[in-house]
Amino acid sequence: MRQTRQPEVAVIGAGPAGLAAALAAAQAGLGDVMLIERDLELGGILPQCIHDGFGSIVFKEALTGPEYAQYFIDMVGRSNIDVLLDTMVLDLTAERKITAINSRDGVLEIEPKAVILAMGCRERTRHQILIPGFRPAGVITAGAAQRYMNIEGLIPGRSVVILGSGDIGMIMARRFTLEGAQVEGVYEAMDHPGGLTRNVVQCLQDYEIPLHLSHTVTFIHGRKRVEAVSVAEVDADFEPKMETERRIPCDTLMLSVGLIPENELSRKAGIEIDPATSGPVVDERMETSVPGIFACGNVVNVYDLVDYVTQSAEVAGAGAAEYVLQGRKREAPIRVVPGRNVKYVVPQIISDFDRDISFYFRVEHPEKAVVTRVSADGEVLSQKKAKMVRPPEMVKAKAGPDALKDGHKVSEIIVDVNAGE
Amino acid sequence: MNKHDFICINCPLSCSLELYEEGGRVQEVKGADCKLGEKYAAEEYANPRRILTTTVKARNGIVSLLPVRSTEAIPKRLVRDAVRALAGVVVEAPVKRGQVVLKDILETGIDVVASRHLGKMPASSEN
Amino acid sequence: MQQMEQQSIKRKHDEFSLPLPASAEVVVIGGGVVGCAIARELTRFTPDVVVLEKENDVADAASKANNAMVHSGMGEKKGTLKAHLNVRGNRMYDRFVEGLNVEFKRDGMFIVITPRSLSFPWLRWIPAWLVRQWMRVCLPWVLVAYGRGKGIKGLKRVRRKKLLRLEPNLTPEVISGIYDPNYGRISPYKLTIALAEHAVINGARVCLNTEVMGVRVEDGEVRGVITDRGEIATKRVVNAAGCFADEVARMAGADGFRIHARKGATLLFDKEISTVVNHTISELRVPLAGHSKGGGLMPTIDGPLQLGPTAIEVEDKYDTSVSREEIDWILDRFLYLIPTFPKSSVICAFTGVRAPTEQEDFVIGVSDKVKGFVNAAGTQSPALASAPAIAEMVLGVLQGLGVSRTLREDFDPVRPGKPVFSKLSDAERQKLVEEDPRWGHVICRCEYVTEAEIVNAIHGIIPATTVDAVKRRTRAGMGRCQGGFCGPRVSAILARELGIPVTQVTKDGEGSPLFCCESKDLLKEVV
């Protein structure tokens with residue numbers, strides 16, 4: 001017998017975003033919240049992120065990933081949120097009908113009043129960046145390597161070349177080293193490290209792991225198992241300079257070359273996707289273009305801090321609860337426009353400018369001594385100085401309607417970065 | 001005077017710091033944009049410390065490894081030895097978050113504790 | 001230590017493969033699409049057939065890495081054996097796949113004519129408008145007539161306007177084209193596996209991980225086949241060893257041809273963008289550089305879109321690498337046809353190695369030097385399309401060598417299919433979960449593959465014992481994340497079902513372990 005369930009809110013995904021969103025919805029007064037997770041346990045990617053550095057904003061201390069997750073998992077345990085583990089969502093319609101499956105209940109039809117998307121993101125693979133060569137065993141993405149090493153208890157290889165110096169790439173370089181493997185080097189196509197300086201120092205320099213900037217992998221050798229990779233310097237257009245190509249023997253190539261929001265379900269529901277973020281267009285309550293479907297965390301845009309993921313999820317959870325309890329009629333939205341040195345801004349639109357809103361954005365290029373600014377139709381709502389802004393690090397700016405002089409109706413909000421002083 | 005190079009990790013500016021010392025006494029820190037940088041260089045020179053995070057093997061847990069951390073930062077030079085000391089440790093599930101896995105690691109006075117709850121694998125499971 | 005581990009992998013696989021039979025009426029060397037097609041056709045007349053495959057699975061070389069097209073014969077030179085068997089094989093396909101439970105679609109192909117189609121140097125002496133007019137009006141008729149001359153039926157001329165209506169993303173530079181209704185699409189490895197399993201259902205034995213080391217010939221007649229696992233007595237050998245067919249022929253003293261390796265790289269795109277084309281599209285290019293039919297944009301039967309292949313001569317028959325030049329060539333060549341193509345949606349690049357002879361034609365028939373030694377060689381593309389006709393021809397030759405001509409009454413015409421979760425209705429899914437909860441356990445999130453399907457593959461008639469073999473049967477790991485998520489789970493299921501430690505699970509057999517050791521092992525070594 002197929003089962004139909006009608007919770008008030010169904011949250012898809014129980015990583016940091018889904019956990020916080022479900023809790024926020026429950027705290028906002030909903031008694032019937034369902035949390036659907038495809039894995040065997042709660043927490044998403046956090047249980048495998050065993051390093052510290054999580055929670056400096058939300059908890060004001062440096063926690064490890066499992067500790068950060070545990071706080072929310074315990075809260076969910078104490079709540080009456082209905083948790084479905086090991087359950088795969090197969091379909092989502094614009095009418096908010098979810099089809100899911102698991103081994104215990106079989107096919108589940110879930111018809112919630114509101115849906116919160118919290119599926120997170122996935123890793124780019126070697127093919128998406130078109131690395132030439134063979135297809136042997138031993139080519140692995142950083143997240144998969146992290147899962148094997150920190151959860152499954154398996155070591156993918158003993159001599160490792162890493163492509164990509166994002167935070168997880170460097171953190172895994174340290175992890176491989178501490179587990180007794182040899183990291184031959186970290187190669188980065190950009191002329192600066194992709195991740196935080198803290199990780200360059202504490203993950204690479206501490207262990208004397210060489211970081212080769214402006215380099216890429218040009219070929220993967222080995223038919224059955226990786227035997228070596230070729231690397232070369234790249235020019236300003238990231239094209240390899242083949243005369244600098246050299247061969248590095250290794251048995252593993254680990255890739256940390258970017259994350260992509262996981263939006264297969266969003267597309268099935270016909271949700272509008274922002275090409276700049278690869279995630280849904282959301283408003284200030286994290287509601288997508290489809291009424292009653294909210295989104296938060298890395299589904300919306302790849303945040304660099306889990307704290308921001310939690311914050312976006314709390315907004316989505318409260319927004320979904322408000323939608324269920326009070327209903328919502330959205331008016332013509334205010335557009336949020338990226339201004340000078342801003343690549344994109346989340347949220348992309350504002351439906352009701354009735355509260356303080358956190359704008360998260362990424363800059364296009366690094367800039368020192370700047371002022372970040374939020375303005376409405378030419379009127380500055382808030383501004384903040386920063387010593388430096390860099391593309392890998394999201395910037396947060398807050399602004400609310402109280403700053404508006406006469407409370408007039410706003411038609412456009414611009415977020416921009418300008419030279420300070 | 002001897003020179004030591006550091007990169008400040010306190011903010012995205014990532015100042016390149018030059019610390020000058022004589023006979024182990026810090027004389028001057030150059031290149032810092034703010035006080036935090038000077039303090040950081042002095043600490044990194046005199047007594048660099050790191051939070052230790054790694055895993056230990058777990059028996060009968062729902063997963064086979066338990067993530068652990070040191071309750072405080074330990075001297076940087078001891079990190080590798082500490083990880084090796086923990087390589088032989090096996091815990092029995094269930095484990096609670098904060099449960100001490102190894103007391104006073106390498107005589108630092110600092111304990112290593114579990115980073116998560118680890119439930120027991122249900123007996124009926126095939127794995 | 002490493003050696004010991006490898007030995008135990010080998011032993012484990014042996015338990016999953018068959019004991020080597022002492023004798024057989026026919027031994028087929030090579031478990032590619034040609035070898036398995038021949039074996040299956042043989043079992044209609046005799047069950048006493050043995051297929052020898054050196055790899056851990058059938059379809060583990062060119063049959064897993066080609067462009068998955070059932071060609072019509074348009075690309076082959078009239079008068080060659082290849083052209084003849086291709087046209088005939090194509091016509092036989094619907095009957096050929098009957099009962100196999102493998103998806104086959106015959107939905108045709110557009111061959112489009114663009115300003116790049118003709119590159120004869122002398123064309124520059126003719127006014128450009130005249131060339132264009134001729135390409136628009138006359139060239140389609142020339143192509144239709146050319147095809148008809150080879151026996152290809154149903155070719156139609158298609159005007160530019162209609163082409164652009166049916167394929168709105170096609171370059172507006174397109175001039176005209178033809179439609180070839182005979183082209184079909186199939187998964188070449190699923191077909192090969194199905195053929196092998198159908199043969200086994202009807203009595204054949206498929207021995208994996210079994211490499212041929214020699215052919216015993218006495219008094220000019222075949223007496224047996226020597227393998228690394230022992231010897232099989234037989235009077236009839238079929239050489240369907242693909243790239244290695246020349247080496248096998250030499251073992252028997254029946255040489256007379258040389259196989260040179262020519263690789264072909266293909267790019268595979270996310271199924272999400274498959275709607276950029278509605279049909280298979282190929283661009284007419286004459287004269288063609290090198291030995292390729294030109295390739296095209298091909299929506300595969302399983303969803304993702306393929307672009308390619310290239311054609312590059314290589315020294316090494318195992319050179320399945322993709323070079324930077326090939327990637328650039330493919331993108332340059334095919335993205336011209338679809339200017340809006342989202343090229344960042346690549347999910348995979350792979351290469352197969354073709355097995356042409358110097359003469360570039362198939363070599364099919366009994367050796368004139370060794371009685372009982374039958375070649376099915378030189379089977380480069382379009383061998384997939386020609387397979388039914390090659391098998392028919394080889395069967396005829398073997399019947400001339402004494403194989404029964406009477407159809408077996410006990411031949412089972414059906415190779416049962418297994419349910420594919422992603423294609424089922426919710427009601428069907430519910431029913432399966434109630435029978436076996438593993439149908440409710442989705443392992444591969446990109447392609448929606450369940451634990452039940454993976455277990456079925458591992459315990460299939462031709463067992464899947466590696467991650468890649470599971471992938472070919474179930475599509476687990478074939479989606480956009482390329483196994484990033486499901487890799488750990490598939491490895492764990494393989495280990496459990498094969499009864500081996502996870503550290504012994506391989507990607508593609510011996511020498512391709514996925515892990516070097518368990519956590520903490522390296523730290524203990526260092527001490």
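Below, chain A is the first sequence line, B the second, and so on; all start at residue 1. Remember, it's a predicted structure, so these values are computed and weren't measured experimentally.
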Considering only heavy atoms, which portion of [X] lies under 4.5 Å from any heavy atom of chain B: side chain, backbone, both, or neither?
X      : answer
A:A62  : backbone
A:L40  : neither
A:Y68  : neither
A:Q48  : neither
A:E393 : side chain
A:N199 : neither

Evaluate whether atom [atom1] of [X] has more than 12 neighbouring non-hydrogen atoms of other residues, nucleotides or ligands under 6.0 angstrom away.
X      : atom1 : result
B:Y20  : OH    : yes
A:R104 : CZ    : yes
A:K398 : NZ    : no
A:E61  : CD    : yes

Only pairs of heavy atoms separated by less than 4.5 Å count here; which of [options] has the most with chain B?
options                : value
A:R390, A:R175, A:E152 : A:R175
A:M388, A:H51, A:E67   : A:E67
A:V201, A:L63, A:I151  : A:I151
A:R198, A:R174, A:K368 : A:R198

Minimum-distance pair of heavy atoms, taken over all atoms of [X] and [Y]:
X      : Y      : result
A:P47  : B:R116 : CB-NH1, 4.1 Å
B:V83  : A:L178 : CG1-O, 3.4 Å
A:T177 : B:R80  : CG2-NH2, 3.4 Å
B:S64  : A:G153 : OG-N, 4.0 Å
A:N150 : B:T55  : O-CG2, 4.0 Å

(request) Please lay out, stage by stage, how B:D33 and A:K387 fare under the test salt bridge (Lys or Arg N to Asp or Glu O under 4.0 Å). (result) CA-CA 10 Å; B:D33 196 64; A:K387 275 189 181 174; 3.6 Å; yes
(message) Just verifying a value: how many Å separate A:L46 CG and B:S115 OG, rounded to the nearest 0.5 Å?
(response) 11.5 Å
(message) Any side-chain to backbone donor/acceptor pair from A:Q70 onto B:H117? Under 3.5 Å, distance only.
(response) yes
(message) With side chain to side chain contact (heavy atoms under 4.5 Å, CB included) as the test, pick out the partner of A:T197 among B:S14, B:C8, B:C11, B:C15.
(response) B:S14
(message) Taking the basic N atoms (NZ, or NE/NH1/NH2) and the acidic carboxylate oxygens, is any pair closer than 4.0 Å for B:R50 and A:D206?
(response) yes
(message) Between B:I62 and chain A, with a heavy-atom cut-off of 4.5 Å, which part of the residue counts as in contact: side chain, backbone, both or neither?
(response) side chain
